[in-house]
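Beneath this line is the structure, given in structure tokens, with notes to follow.
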Amino acid sequence: MRRSSDSNLETPITQMIDIVFLLIIFFVVTASVDKDLVDDTIQMALARNTKPEEVLKANTLTINVRLENRDEWRAAKAAGKALPRQQVSYNIALQTKQLPAIRQELIDTKKKMGNAMPILIRSDGDVNYRFIDDLIQRAVALAGYSKITIVAEVPTD
Amino acid sequence: MKKRNDESLAVPMSQMIDVVFLLLIYFVVTMKDEISEAHLAINLPSAGAPPAAAAAAEELKVIKIFVERTGYSYQLPPRPRRGVSAKDLETFLETNKDKAAKSDLIISVSPLTSMQQLVTVLDFAAKNGYTKLNVLRANE
């Protein structure tokens with residue numbers, strides 16, 4: 001009687017390993033190895049009506065525009081105080097760069113990949129347009145590109 | 001001798017389960033929620049301005065939108081409207097949806113407006129089928 005009870009209490013190792021391996025395979029497949037080294041600290045502007053991109057394009061160059069003093073800026077805005085001067089930085093693959101360096105990278109990329117490669121701009125939603133315009137005028141346009149793609153977040157609710 | 005050989009060939013289950021669980025915990029912890037992204041393509045202003053006659057002929061096919069800190073304005077000749085809300089702008093773009101395929105949308109953005117305001121316009125335009133989107137900086 002005792003023996004029968006013991007055998008019922010045994011952990012079903014085989015089935016458990018099956019499930020665990022399935023889970024691991026799922027995570028490995030969906031992990032998609034550091035896609036484009038995206039700057040996760042950026043809180044992009046929201047686009048509620050546009051369809052989200054189902055498949056992200058492979059050959060793209062993403063320029064991240066980060067509002068460094070976002071918390072301070074938002075706090076001042078919420079309190080109705082005078083807004084502090086925006087401190088904005090640009091980075092490509094998490095490497096902070098000045099506009100001339102971005103322009104050079106765009107020129108080099110254009111030589112290798114041609115004009116058709118999409119240039120994506122991921123910017124904080126609070127960033128003033130003048131910083132994007134600086135990026136366009138002093139880097140993107142000078143490198144010879146005539147189109148850019150602005151990335152926005154599609155809310156899931 | 002045979003028994004000993006069998007023993008050494010046995011899979012070391014405990015260690016394997018340890019490793020497998022470590023891997024599982026790693027992936028669960030590092031998994032991030034995917035953010036759904038919308039890609040809004042725009043044309044940049046070109047260096048050369050079109051000749052005056054061509055510009056006048058093209059004028060009819062152009063819808064101008066102004067994004068300012070205080071709100072939005074739009075101009076579909078001959079009816080300019082200033083200081084409208086985002087909702088009004090959305091209604092305007094929806095009403096003129098039939099012109100979307102043929103019209104150039106020129107969005108003139110004031111330097112001190114936020115990217116959210118520009119994205120709002122691009123979002124309405126994409127929703128209503130406007131594809132020729134041109135963004136330029138307005139003079140303050």
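Just so we're on the same page: letters track the sequence lines, and every chain starts at 1.
Heavy atoms closer than 4.5 Å to chain B are found in both the backbone and the side chain of I150(A). Only the side chain of D133(A) comes within contact range of chain B, judged by heavy atoms closer than 4.5 Å. Within the 4.5 angstrom heavy-atom criterion, atoms from both the backbone and the side chain of I148(A) approach chain B. Proximity to chain B is limited to the side chain of I13(A), based on heavy atoms less than 4.5 angstrom apart. With a 4.5 Å cut-off on non-hydrogen atoms, I132(A) touches chain B through its side chain but not through its backbone. For F131(A), no part lies under 4.5 angstrom from a heavy atom of chain B.
Legend: salt bridge (charged side-chain N to carboxylate O under 4.0 Å, His left out) pairs involving residues 63-72 of chain A, not counting sequence neighbours, sorted by first then second residue: D39(A)-R66(A), R66(A)-E68(A), R70(A)-D124(A). The salt bridge (charged side-chain N to carboxylate O under 4.0 Å, His left out) analysis of residues 76-102 of chain A, with sequence neighbours excluded, yields the pairs K97(A)-E105(A).
Tested against H39(B), the residues L120(A), T60(A), T50(A) include a single side-chain contact (heavy atoms from CB on, under 4.5 Å) partner, L120(A).
Here the side chain of D123(B) pairs a donor or acceptor atom with the backbone of R48(A) at under 3.5 angstrom. Counting only distance, with no hydrogens or angles, the side chain of E153(A) and the backbone of S36(B) share no donor-acceptor pair below 3.5 Å.
Taken to the nearest 0.5 Å, the OG1 atom of T113(B) stands 7.0 Å off from the CG atom of N128(A).
Between D134(A) and R137(B) the shortest side-chain heavy-atom distance falls below 4.5 Å. The shortest distance between side-chain heavy atoms of V140(A) and L44(B) falls below 4.5 Å.
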